[in-house]
Structures are given as C-alpha cells and as structure tokens.
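Read through the structure below, which is laid out as structure tokens, and then see the notes.
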Amino acid sequence: MKIAIIGTGNLGKSIAKGLITNNAITSLYLTKRNLEDIQEFDGYKNVHLTTDNTEAVRQSDIIIFAVQPAHFEQILNYIKPELTEKHVLISTITGFLIPKIEAQVGADKFIIRAMPNTAIAVGKSMTCLCSNVQGAKRIKIAEAIFNRLGHSLSIPESQMQAATVVCASGVAFWMRLIRATTQAAIQLGFDAKEAQELAMYTSEGAASLLITNGNHPEEEIDRVTTPKGCTIEGLNEMEHKGLSSSLIQGMIASFNKISNIKEEQI
Ligand SMILES: NC(=O)C1=CN([C@@H]2O[C@H](COP(=O)(O)OP(=O)(O)OC[C@H]3O[C@@H](n4cnc5c(N)ncnc54)[C@H](O)[C@@H]3O)[C@@H](O)[C@H]2O)C=CC1
Ligand SMILES: O=C(O)[C@@H]1CCC=N1
C-alpha cells in the first residue's frame with residue numbers, strides 16, 4: 001500500500017511506527033512542517049520524509065490526515081487539486097465531520113474517518129471507522145490497515161465523538177489508572193520498576209480475560225472476591241471514594257469538550 005501521513009506528530013508517528021513494524025507499506029510518505037522531529041524515520045526502506053504535502057499526496061493512494069483540527073481545512077484546500085479517483089482519504093481529526101470534509105474536497109471522494117489511539121505504534125489500537133457514501137466502497141481497505149494494527153469497529157459517524165473519548169483519550173485514562181496502581185504498589189513495598197511491571201501485566205491480564213472469554217467484568221470480579229476477603233474490601237472502599245463515578249464524569253467532560261473543539265473551528 002502506498003500511504004501518506006499528513007502531519008507526523010504524536011498520533012502520526014505512532015501510526016508510522018505501526019505501519020513500518022508490521023510491514024504494511026509499499027511506500028510511506030511522512031509530512032511535517034519541520035522534519036527535524038521525525039528524523040527517527042529517516043533511512044527506513046521506502047519511507048520518505050517531506051515538508052511538501054502535495055508531493056506526498058501525488059505519490060500515495062491512501063492519505064491519512066493527523067494534523068490538529070485547526071489546520072485541517074487549510075491543508076485540504078491546498079492538496080485538493082492533487083486528488084484523483086485513486087485516493088482514499090482517512091481523517092483521524094477529532095470533531096471534523098464528514099460533511100465538512102466533503103464541502104472542501106467533494107462528496108465524490110472516498111472519505112473515511114478513523115479514530116485510532118497511540119497503541120497503534122505497537123499494533124494494539126482500538127480503531128473506530130465511519131465513511132461517506134463513496135468511502136463505504138473503500139472501507140475494507142481501512143479495515144485491512146487498522147485490523148493489522150489492532151482491532152477495528154465500523155460505527156455511525158454520530159458515535160465518533162464518543163469513540164474518541166473511549167478509545168483515543170482512553171489510552172491516557174488507562175495510563176493514569178495504571179500509574180495510580182503503580183503508586184499504590186510502591187507504597188505497599190515494591191520498588192518503582194517492579195511496581196510498574198505488576199501494574200502493567202495485571203491490567204493486560206484483566207483485559208485479556210474479557211477479550212478471550214467474552215465475559216462481563218462483574219463475572220470475572222466475582223471470581224476474585226473471596227467472601228469477607230481483601231478484594232471486596234478494597235473494591236468497596238474505591239467505590240465509596242467514587243472510582244466509577246469519577247471515571248464516568250471525566251469521560252463525559254471529555255465528550256463535552258469535543259463539542260467545543262468543533263465550535264472553535266467555526
Ligand atoms: N494524539 C492522539 O492520541 C490522537 C489524536 N487524534 C487526532 O489526531 C490529530 C493530531 O493529534 P496529535 O498527533 O496529538 O497532534 P500533534 O500536534 O502532535 O501533531 C500534529 C502534527 O501536524 C503537523 N502539521 C501542522 N501543520 C502541518 C502541515 N501544514 N503539513 C504537515 N504537517 C503539519 C505538526 O507539525 C504536528 O507535528 C488531531 O486532530 C487529534 O484530534 C486522534 C486520535 C488520537
Ligand atoms: O486530546 C485530544 O484532543 C486528542 C483526541 C483524542 C486524543 N487526543
């Protein structure tokens with residue numbers, strides 16, 4: 001696949017790492033206004049670094065946009081003359097709706113929105129996808145890319161804002177939970193490195209149980225909570241202090257912020 005990433009920042013770099021590590025490219029063009037920050041990709045076979053977005057678009061079939069929302073419209077306008085029927089446009093931009101992309105480049109273009117997360121760098125991204133009517137004809141291409149780099153789910157565009165919070169911001173939320181677990185483990189006597197090891201692999205094991213067994217989390221919790229034991233004591237204390245409530249409220253706040261991001265673009 002001939003892929004271009006327009007805007008190789010935090011997410012763009014993660015996607016690039018995932019694509020390169022998984023041998024998912026025929027050629028990969030990475031663009032950024034200042035190439036110094038992406039020198040780590042220099043020297044990889046078939047990987048090209050450039051400040052020229054039009055060159056990247058001309059040389060590629062699949063164009064992944066990973067710039068901040070405020071820059072997207074201008075970039076679309078700039079590359080529009082280069083777009084042909086071969087191009088599949090994949091936007092990872094938060095809050096930038098398909099009708100607005102169509103207004104810039106035309107509804108006849110294959111337009112897909114993807115909401116991956118930074119775990120794409122290690123082939124573990126949960127990525128939600130949606131498309132315009134034309135893009136539906138190329139959604140299999142996007143599924144092939146993102147399934148190779150993790151797990152994908154096609155959803156209506158109306159759920160994309162929620163998917164951004166749960167999956168994309170979700171990595172940061174989980175990191176904080178893992179970090180808090182690590183801090184507790186240190187207080188309980190492990191050194192910092194061991195504490196993080198325990199936290200990382202325990203959270204991986206918990207998620208793997210659900211993925212492999214398809215069970216509800218409470219079913220797995222019931223297997224751990226020995227009557228009158230230490231687990232239920234800890235769990236109940238966490239809930240008294242508002243663990244679930246705090247997570248839910250934080251995610252709703254994050255969701256509401258995306259509406260503001262959309263308004264800031266207008
Ligand atoms: N960071 C994340 O985990 C996720 C981010 N997103 C979305 O991805 C987009 C990028 O987010 P981040 O990577 O966090 O931002 P970022 O600021 O790290 O990356 C954006 C990059 O675009 C580059 N850029 C700006 N104008 C450019 C131009 N004209 N040509 C080429 N490159 C240009 C910037 O130099 C920067 O490196 C945002 O729209 C965000 O909502 C979506 C899912 C996850
Ligand atoms: O924080 C943000 O706005 C972007 C979207 C999801 C992850 N990073």
Side-chain angles (χ1 to χ4, degrees), residues 3-19 28-41 48-60 63-82 89-98 100-101 104 111-122 124-130 142 145-146 149-153 155 157 159-176 250-265:
I3 300 179
I5 298 176
I6 306 294
T8 314
N10 286 313
L11 180 63
K13 277 188 202 177
S14 302
I15 298 172
K17 277 180 199 157
L19 288 170
L28 178 63
Y29 278 76
L30 302 176
T31 83
K32 198 172 187 306
R33 286 173 300 189
N34 176 354
L35 297 182
E36 257 171 43
D37 293 346
I38 54 171
Q39 284 310 308
E40 66 200 89
F41 295 104
H48 311 273
L49 314 185
T50 176
T51 55
D52 185 351
N53 288 330
T54 54
E55 165 78 357
V57 169
R58 269 197 298 272
Q59 300 295 339
S60 309
I63 317 297
I64 300 176
F65 297 94
V67 292
Q68 288 184 16
H71 299 143
F72 191 31
E73 193 165 333
Q74 201 185 357
I75 289 172
L76 281 176
N77 263 320
Y78 191 67
I79 56 120
K80 186 179 168 179
E82 310 299 332
L89 309 182
I90 302 182
S91 164
T92 67
I93 320 291
T94 300
F96 208 106
L97 304 186
I98 286 172
K100 210 168 154 198
I101 304 174
Q104 296 303 315
I111 299 170
I112 291 167
R113 280 185 67 197
M115 193 46 65
N117 61 40
T118 49
I120 200 161
V122 290
K124 291 277 183 196
S125 174
M126 175 63 233
T127 304
C128 287
L129 299 168
C130 64
I145 294 172
F146 291 104
L149 304 177
H151 184 79
S152 78
L153 182 70
I155 59 172
E157 186 173 33
Q159 288 186 322
M160 216 56 181
Q161 184 162 332
T164 304
V165 173
V166 179
C167 308
S169 307
V171 167
F173 302 149
W174 280 105
M175 288 298 169
R176 191 52 67 78
M251 289 172 76
I252 304 294
S254 185
F255 178 85
N256 290 337
K257 173 64 185 176
I258 299 177
S259 309
N260 295 339
I261 293 174
K262 273 194 279 188
E263 280 158 25
E264 282 158 19
Q265 291 164 32

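Atoms within each ligand, like the ligands themselves, are counted from 1 in listed order. No experiment lies behind these values; they were computed from the predicted model shown.
- Put simply, the side chain of Gln161 gets close to the backbone of Phe255: a donor and an acceptor are under 3.5 Å apart.
- Between Tyr29 and His48, the ring planes are parallel. Angles under 30° get that label, and only those over 60° would be called perpendicular.
- For atom 18 (O) of ligand 1, the nearest protein heavy atom (residue, atom name, distance) is Asn10 N, 2.9 Å.
- For atom 32 (N) of ligand 1, the closest non-hydrogen atom of the protein is Gly7 CA, 3.4 Å.
- Under the 3.5 Å distance criterion, the side-chain polar atoms of Ser125 are left unmatched by any main-chain donor or acceptor of Ala119.
- Of all protein heavy atoms, the one closest to atom 39 (O) of ligand 1 is Val67 O, 2.7 Å.
- For atom 34 (C) of ligand 1, the nearest non-hydrogen atom of the protein is Arg33 NH2, 4.2 Å.
- Here the protein heavy atom with the shortest distance to atom 31 (C) of ligand 1 is Thr31 OG1, 3.4 Å.
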Checklist entry - Could you walk me through whether Met160 and Met115 pass the side-chain contact (heavy atoms from CB on, under 4.5 Å) check? => result CA-CA 7 Å; Met160 216 56 181; Met115 193 46 65; 3.7 Å; yes
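- Ligand 1 places these atoms under 4.0 Å from at least one heavy atom of Ala168: 43 (C), 44 (C).
- For ligand 1 and Thr94, the ligand atoms under 4.0 Å from any heavy atom of the residue are 7 (C), 39 (O), 40 (C), 41 (O).
- Set against the non-hydrogen atoms of Thr118, the atoms of ligand 1 under 4.0 Å away are 3 (O).
- For the pair Ile90/Phe146, a side-chain contact is recorded, criterion being any heavy-atom separation below 4.5 Å from C-beta on.
- Summarising the contacts of atom 4 (C) of ligand 2 with Val165, Val171, Thr94, the nearest heavy atom is found in Thr94.
- In this structure the side chain of Lys13 never reaches within 4.5 angstrom of the side chain of Thr118, judged on heavy atoms.
- Below 4.0 Å from some heavy atom of Thr164 lie the following atoms of ligand 2, by number and element: 5 (C), 6 (C).
- Residue nearest to atom 15 (O) of ligand 1, selected from His71, Gln74, Gln68, Met115: Gln68 (by heavy-atom distance).
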Item to check | Steps toward side-chain contact (heavy atoms from CB on, under 4.5 Å) verdict (Leu153, Met126) | outcome: CA-CA 8 Å; Leu153 182 70; Met126 175 63 233; 3.7 Å; yes
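- Counting protein heavy atoms only, atom 5 (C) of ligand 1 is closest to Leu11 CD2, 3.8 Å.
- Residues Leu30 and Leu35 have side chains not in contact (no heavy-atom distance under 4.5 Å, counting atoms from C-beta outward).
- Between Lys32 and ligand 1, a contact under 3.5 Å exists for at least one N or O pair.
- For atom 11 (O) of ligand 1, the choice among Ala114, Pro116, Ala66, Gly9 with the nearest heavy atom turns out to be Ala66.
- Other residues, nucleotides and ligands contribute at most 12 non-hydrogen atoms within 6.0 Å of the CD atom of Gln74.
- At a heavy-atom distance under 4.0 Å, no atom of Val171 approaches ligand 1.
- Across the listed options Thr92, Ile6, Ile38, Thr92 owns the non-hydrogen atom lying nearest to atom 42 (C) of ligand 1.
- Side-chain contact between Ile79 and Phe65: present, with at least one pair of heavy atoms (C-beta onward) separated by less than 4.5 Å.
- Against a heavy-atom cut-off of under 4.0 Å, Asn53 is close to the following atoms of ligand 1: 28 (C), 29 (N), 30 (N), 31 (C).
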Item to check | Test log, rule side-chain contact (heavy atoms from CB on, under 4.5 Å), inputs His71 and Ile93 | outcome: CA-CA 10 Å; His71 299 143; Ile93 320 291; over 6 Å; no
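- The shortest contact between atom 3 (O) of ligand 2 and any protein heavy atom is with Ile261 CD1, 4.3 Å.
- Of the heavy atoms in Ile75, only side-chain atoms (C-beta onward) come closer than 4.0 Å to ligand 1.
- Residue-level proximity to ligand 1 for Pro69 is carried by backbone and side chain together, each with a heavy atom below 4.0 angstrom.
- Among all protein heavy atoms, the one lying closest to atom 1 (O) of ligand 2 is Ser169 OG, 4.8 Å.
- Of the protein's heavy atoms, Ala168 CB, 3.5 Å lies nearest to atom 6 (C) of ligand 2.
- Under the side-chain hydrogen bond (donor to acceptor under 3.5 Å, both in side chains) test applied with Lys32, the options Thr51, Thr8, Asp37, Thr50 reduce to a single match, Asp37.
- The backbone N or O of Ile98 lies less than 3.5 Å from a partner atom in the side chain of Glu157, making a donor-acceptor pair.
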